[in-house]
Amino acid sequence: MVKKDHTPSTEVSLGPLKLKNPVVTASGTFGYGAEYAKFYDLSRLGGITVKGLSMKPIPGNPPPRICETPSGMLNAIGLQNVGVDEFINKKLPFLAQYDIKVIANIFGNTVEEYEAVAARLDRADGVHALEVNISCPNVKKGGMAFGVDPDSTYEVLKAVRQVTGKPVIAKLSPNVTSVVPFAEKAAEAGVDALSLINTLLGMAIDIRTRKPKLANITGGLSGPAIRPVAIRIIWQVHRAVGLPIIGMGGIMDASDAVEFMLAGATAVAVGTANFVNPTAAADIADGIKNYLGENKIEDINQIIGQVQA
Amino acid sequence: MVKKDHTPSTEVSLGPLKLKNPVVTASGTFGYGAEYAKFYDLSRLGGITVKGLSMKPIPGNPPPRICETPSGMLNAIGLQNVGVDEFINKKLPFLAQYDIKVIANIFGNTVEEYEAVAARLDRADGVHALEVNISCPNVKKGGMAFGVDPDSTYEVLKAVRQVTGKPVIAKLSPNVTSVVPFAEKAAEAGVDALSLINTLLGMAIDIRTRKPKLANITGGLSGPAIRPVAIRIIWQVHRAVGLPIIGMGGIMDASDAVEFMLAGATAVAVGTANFVNPTAAADIADGIKNYLGENKIEDINQIIGQVQA
Amino acid sequence: MLTTVKSNEKVVPGFFEMEIEAKGLAKHAGPGQFFMLKVAFGTDPLLRRPLSIHRITSPDSLRFLYRESGRGTSILSKLVPGDQLDALGPLGNGFKVGKTVKHALIVGGGIGVAPLLCLTDHIAKERPDITPVVFIGGRDKDSVMCLDQFKELGIETHIRTEDGSIHKKGLITHSLEEYIDKYKKDGTGGWAIFSCGPTPMLRSVAAIANMNDIKCFTSLEAHMACGIGACLGCVIPLLDREHETQVYRKVCEDGPVFDSEEVLW
Amino acid sequence: MLTTVKSNEKVVPGFFEMEIEAKGLAKHAGPGQFFMLKVAFGTDPLLRRPLSIHRITSPDSLRFLYRESGRGTSILSKLVPGDQLDALGPLGNGFKVGKTVKHALIVGGGIGVAPLLCLTDHIAKERPDITPVVFIGGRDKDSVMCLDQFKELGIETHIRTEDGSIHKKGLITHSLEEYIDKYKKDGTGGWAIFSCGPTPMLRSVAAIANMNDIKCFTSLEAHMACGIGACLGCVIPLLDREHETQVYRKVCEDGPVFDSEEVLW
Ligand SMILES: Cc1cc2nc3c(=O)[nH]c(=O)nc-3n(C[C@H](O)[C@H](O)[C@H](O)COP(=O)(O)OP(=O)(O)OC[C@H]3O[C@@H](n4cnc5c(N)ncnc54)[C@H](O)[C@@H]3O)c2cc1C
Ligand SMILES: Cc1cc2nc3c(=O)[nH]c(=O)nc-3n(C[C@H](O)[C@H](O)[C@H](O)COP(=O)(O)OP(=O)(O)OC[C@H]3O[C@@H](n4cnc5c(N)ncnc54)[C@H](O)[C@@H]3O)c2cc1C
Ligand SMILES: Cc1cc2nc3c(=O)[nH]c(=O)nc-3n(C[C@H](O)[C@H](O)[C@H](O)COP(=O)(O)O)c2cc1C
Ligand SMILES: Cc1cc2nc3c(=O)[nH]c(=O)nc-3n(C[C@H](O)[C@H](O)[C@H](O)COP(=O)(O)O)c2cc1C
Ligand code: FES
Ligand code: FES
C-alpha cells in the first residue's frame, strides 16, 4: 500500500543510461527537438532520440515521401539529415537547456561510416547515448542490409562499441523471421540496450494513377497498425535475451505504453503519435505517472515484463 | 474503347484453376460456406476457400481466441476443424449447388499428414484445388514451422504435389525476412499458384488483468492494418517469381482488390472483411466489374501487375 | 441492414437505451437473440459490437440497453436520432420457454437485465399461463435497472444491491434461494430459471438450480468477430453429455443462451 | 487546440465552408497559413488534414473553405455546429505583402481561392494603399467561388471557366496575360502576383510572372504527417540560388507559400 501523497518512482535504467521517466521520442519523428519545444517543456520527457545522423548531410528521397494507411502511415524519408557536424554545432546546443537524455540515432552505408559517426559523437558533450539504426527499410545500401544478416549486425555493433564509451543501443530490424538471434548477436557485440521495433516494410498503390504512393515505391509502416507485431517481438526478445529494451511501434497513449512495459520494455519511444498530437510524448509521460498512482505501484520497474504469459 | 453495353471479362486463371471472377474467400473466414449462403448467392463469387482441414478433427485453442486491434484483429483459433472426412461427407455436398470453385485449405503436423489429407481430397469430387497452409502462426508444431524453412517448404509441397493432380496452391508465411526464396522453392516443388499473405504474428495484452488478450498468448494479425505489408510482399514475389498469386490481407472493398491486382495478384481473397460485412466478398466481386466498366478495361487480366514501379 | 436511430438516451450514468428502426427489423426476433452493430464507418474500431435485444417495440423497431464500457459503446452513445446504424441480426439462439414450463424465475445482474425484459414481454404475450417472478441484482442503485418496466407488466420483482444503497442489501442469488426454499415444498416440477449477468452470479444461479433440480438457461458472452458462426472466435467449452467430453461451442450460433448444466463453470 | 464548430455548410455541390471558434484561435494567424485538423477520434483516419485559412472572422474564430475529396474531408463535411474539432495552427509561412509592393494581382484556380480571400481581407485592412485585382478560374460554374465576397470588398475581379458554363470561357491565365499586357506599358515595378490552385495553373502563372519580371508568390500542397517540420514528409525540390543546386524544403514550415522562381516546376 502507498500513501495518497506518495509519488511513484519512474526512473528506469537502460544499462548505464538512466532516464528519469521511461518516455523518449522515436528517431525521425521528433526532428531535433526544437520543433516540439514550441508545444511543451521537453524536460517533461525522459529523453529524446534525434533524426538519424550520417557523416555527411543526406538530401533524402524524392517526394512523395509519406502516405496514410489504415491506422498507420508509410514513410520513405530516406534518412534526410543535416550530417553529424551540423547536428553537433547547430542543433545539439539547443537541447542542453533541458533536463533530458539525448540519444543520437546513427547510420551509414558501410561499417566504417557507422564507426566514424559514432567516434564523432563520442566526443560530443550533451549526447548521452548512441542508437545504431541497422534497420532502415528506406535506403538501398546499408541500413536494413546490415539488419537482416546476423554477422553484419555483429560487425557493425562491435565496431561502434569499440569507438565509444557511451551507452550503445541497437535498433534491430523487425523484418526478419525471428529477431531473437539478432538480439543475441547484439548482446555479444556488447551493446547496452535494444530498440524495438523499427517500421515494417510496406507499400501502397494509387489505383487512379497506378503509381506507388511513395516515390521510393516501398516504405516503412508505422503507427497503431503495427502495435500487435511490436508487442509480440518485444515479448519474444525480452524472454530470450537479457538486454533492456526501448519499446516502440504505435504507442498512442499511456495505456499503450504500459502494455509495452508489461511485454518487457524498460522504456518506451513515442513516434508517429507525435504527428497526430504534438504533445503526445509528454502526455504519455504524465499518463504513466497517473497510472502508477491509481494502481498504487511504487516503482515503475515493478511492471516491466510482468505480463502473465 | 468499349461500348457502353459491353460487359468486361473477369475470368482469371491460377494455372489450371479457372475462376469466373477473381474474388475468392480467405480460409478460416468463411466457415464452410453455408454460414454466408444465408446472406447471398455464393455463385456471385469466383470461389471459396474453406477452413483449414486436417486428417482428424481438431478442437482448436481455448478461448479467448480473438481480439480487436487498430484496424485489425488477432486470432488464435488453432485450426479447429471437423476433419477431412466429415468435411467431404457433410459440408462439401452443400457447395455442389453453386457455380463456384471450391478450394480446400489443408495442414498437418508432419509431411505425412499433409500428404494424407491431400490424397483424401484428391479423390473428392467438388474440390477444385488444394491450398497448402504452411504458415499458420497459431499451432505449436507444423503450420508455420514448415513455412519458415525453405527446405521443409519444398518437402511438404512436393509431397502434396505428388499425391494430387488437382491444382495446388502454396500459402506461404509472411513472417520471414524475404518471401521470395520460399516462393522459388514452391515453384520448384511444382505448385500452380501462391496465396499471399497469411496473418502476421502479433500479440496484445490487457493491462488491467496483465494477461495476454489471447489464451494462446500470440495470434495472427489480419485486417486493413496489414494491407501495406501484403501489397509489398505480393509486389516483390510477383516480380521475382512466375507463379500466379492469390492476394489477400486487409481487402475491404473493390478499390483494395484492384490495388492488390495492380501489385501482381491474379486473384484476391477476402478474409476479415467478411466478419465486418457478411456480403463483402460478393460486393467486391461486383465492384471490380463496375471498376472495369467505368475505366473501360475490357479484360481484368490487363491490370494484373500493372503498377508503374 | 441499415437502420435509423429513433432515440438514444442515458437512463442512468453510464447506461444508455437506444431504439432503432428498419422495415422488418424485428419480424423474426425473439428474446435472448442479439444484433451485431457497426459503430463506425472507418476501419477503427473494425469489428461489430454485439448487443442483446432489450425490447421489441414493433415489427420494424427494437431497443437496446447498453453500458458504455469502451470505445465502441462510447461511439454508440453519441449517436443521435436520425443517424444511420448498420445492424446485423437477429442472431443466435435465444431463450426458449418450453411447453413443459409452468413457472419462470428470471434472474438478472447489472446490465444482464437487458435481454430479460424482452423475455418477460414475450412470456406476457405468448405464455399468459405463466406468472414469472423477476430477481434483479446490482452493485448499487444505478445498476438495478428496468424496475418500472417490470412493475408495469405487473411482475413480482425481488431486488438486491450489494452496497444496500437502495432496496435490500445483499446478493440477488440469496433472494433467489430464499424464494425457492419458501415455495419448493410443493415441488419444483415445471419450474425454469432464465438468467443473464456477470459470470460469478450465473455460476451460483446454476448451482442453485442444480441443487433444486430446476432447469436453468443462461445467456453467456464472448468476444465476437463475425457473430454468425464463421470465425470460430467466440467458442466456450461445454460438456458433451453423450461422450462425456468437453466440446467447444459457438456463443454466437449455438448460444448465446445455453442450458446451464452443459456450461463448464 | 480544441475548437467548436460554429457553422459548416455546403456552398456549392462538393464544397463546404466551416467556421470554428476557440479563445485566441486566430490571434496570430495570417493569410496563406493553415491548420492541421484531426477529423476523427479513432486511429482511422490517423493523420491530421491541412486546410488553409479562408477568412479570419475574429481573434477567436476563422473559416475554412474545403472540397470533399476523400475520407477525411467527407467526415469533416458531416460535422454540425457545436461539435468539437481539434485544430493545430496557425502553421507555416503565408503570403507576405512586402513594403515595396504597390500593385497586387491575385490568381486563384478552383479550391485554390480558399486562402486568397484571406489575403484580400488582409490587404484591405493593412495595405489600403494597394488596389488588388483578382483573377478566378475554374472548370465550371460551381468551381469559381467567392465572387460575391470579392465584390463586397469592391475588388476588380476577372473570371474564366473552362467550359464557359458561366462568365467568359477560357483559362484564367489568359485573362491574367491580357491584363498585364494592357497595363504593363508604365512598367511592372512594384507589381506582385499571389497565386494558389492546381499545379498546371501555378506553373503558367509563374512563367507569365517571370516573362514580365513580376515577383510571384505561390501556395503549394504536399501530403503532410506532422505539419510542423518534424517528419520531413512534405518536402518539395526547390532551387537553391546561391549554390545553384536542388534542395528539399518543407511545405509545412518553409512554405506553403514560396517564391515561384525557386520552385522547380
Ligand atoms: C451475445 C452478447 C450480447 C450482449 N448484450 C449486451 C447488452 O445488451 N448490453 C450491453 O451493455 N452489453 C452487451 N454485451 C456486451 C457488449 O458486447 C460489450 O460491452 C461491447 O462489445 C464492448 O465494446 P466496446 O468497444 O465498448 O469495448 P472495448 O473493450 O473497447 O471492445 C474491444 C473489443 O472487445 C469486445 N468486447 C469487450 N467486452 C465484451 C463483452 N463483455 N462481450 C463481448 N465482447 C466484448 C468488443 O466487442 C470489441 O471487439 C453483449 C455481448 C454479447 C456477446
Ligand atoms: C497547406 C495546405 C493547405 C490546404 N488548404 C486546403 C483548403 O483550404 N481547402 C481544401 O479543400 N483543401 C486544402 N488542401 C488540400 C487538403 O489538405 C486535402 O484535400 C485533404 O487533406 C484531403 O484529405 P481526404 O482525407 O479528404 O482525402 P484522402 O485522399 O482520403 O486523404 C488521404 C491522405 O492524403 C492526403 N492528401 C490528399 N490530398 C491532398 C492534398 N491535395 N494536399 C495535401 N494532402 C493531401 C490527406 O491529408 C491524407 O493524409 C490543402 C493542403 C495543404 C498541404
Ligand atoms: C517519418 C518517420 C521517420 C523515421 N526516421 C527514422 C530514423 O531516421 N531512424 C530510425 O532509426 N527510425 C526512424 N523511424 C522509425 C521510428 O523511430 C519508429 O521506430 C517507428 O516509427 C515505430 O514507432 P511508431 O509506430 O510509434 O512511429 C522513422 C519513422 C517515421 C514515421
Ligand atoms: C479467424 C481467422 C481464421 C483463419 N484461419 C485460417 C486457416 O484455417 N487457414 C489459413 O490458411 N488461413 C487462415 N486465416 C488467414 C486468412 O486466410 C488470411 O490469410 C488472413 O486473414 C489475411 O487476410 P485478411 O486480412 O483479409 O483477413 C485465418 C484468418 C482469420 C482472421
Ligand atoms: S463470432 Fe464468429 S463464430 Fe461466433
Ligand atoms: S509535414 Fe512533417 S515536416 Fe512537413
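Side chains are part of it too, since the values below use all heavy atoms of this structure and drop only hydrogens, waters and symmetry mates. Proteins come first, then strands; the chains are lettered A, B, ... in the order of their sequence lines, and each starts at number 1. Being a predicted model, the structure only gives us computed values, none of them experimental.
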**Student:** For chain B, find its close neighbours in residues 204-212 of chain A: heavy-atom separation under 4.5 Å, sorted by number, or none.
**Tutor:**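 When heavy atoms of chain B are the reference, residues 204-212 of chain A contributes A:Ala204, A:Ile205, A:Ile207, A:Thr209, A:Arg210, A:Lys211, A:Pro212 within the under-4.5 Å range.
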
**Student:** Taking non-hydrogen atoms and a cut-off under 4.5 angstrom, which of residues 229-246 of chain A neighbour chain B?
**Tutor:**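 Heavy-atom contacts from residues 229-246 of chain A to chain B are A:Val229, A:Ile231, A:Arg232, A:Trp235, A:Gln236.
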
**Student:** Compare every heavy atom of A:Leu221 with every heavy atom of B:Ala225, then report the nearest pair and how far apart it is.
**Tutor:**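 Residues B:Ala225 and A:Leu221, closest heavy atoms: O-CD2, 3.8 Å.
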
**Student:** Counting heavy-atom pairs under 4.5 Å to chain B, which of A:Thr69, A:Leu74, A:Leu262 comes out on top?
**Tutor:**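 Heavy-atom pairs under 4.5 Å are most numerous for A:Leu262.
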
**Student:** Chain A heavy atoms under 4.5 Å from B:Ser255: which part of the residue, side chain, backbone, both or neither?
**Tutor:**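 Contact with chain A involves both backbone and side-chain atoms of B:Ser255.
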
**Student:** Where does B:Phe260 contact chain A at under 4.5 Å (heavy atoms): side chain, backbone, both or neither?
**Tutor:**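 For B:Phe260, no heavy atom lies under 4.5 Å from chain A.
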
**Student:** B:Val258, B:Ile226, B:Val176, B:Asn295: which one forms the most heavy-atom pairs within less than 4.5 Å of chain A?
**Tutor:**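 Going by pairs under 4.5 Å, I would pick B:Val176.
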
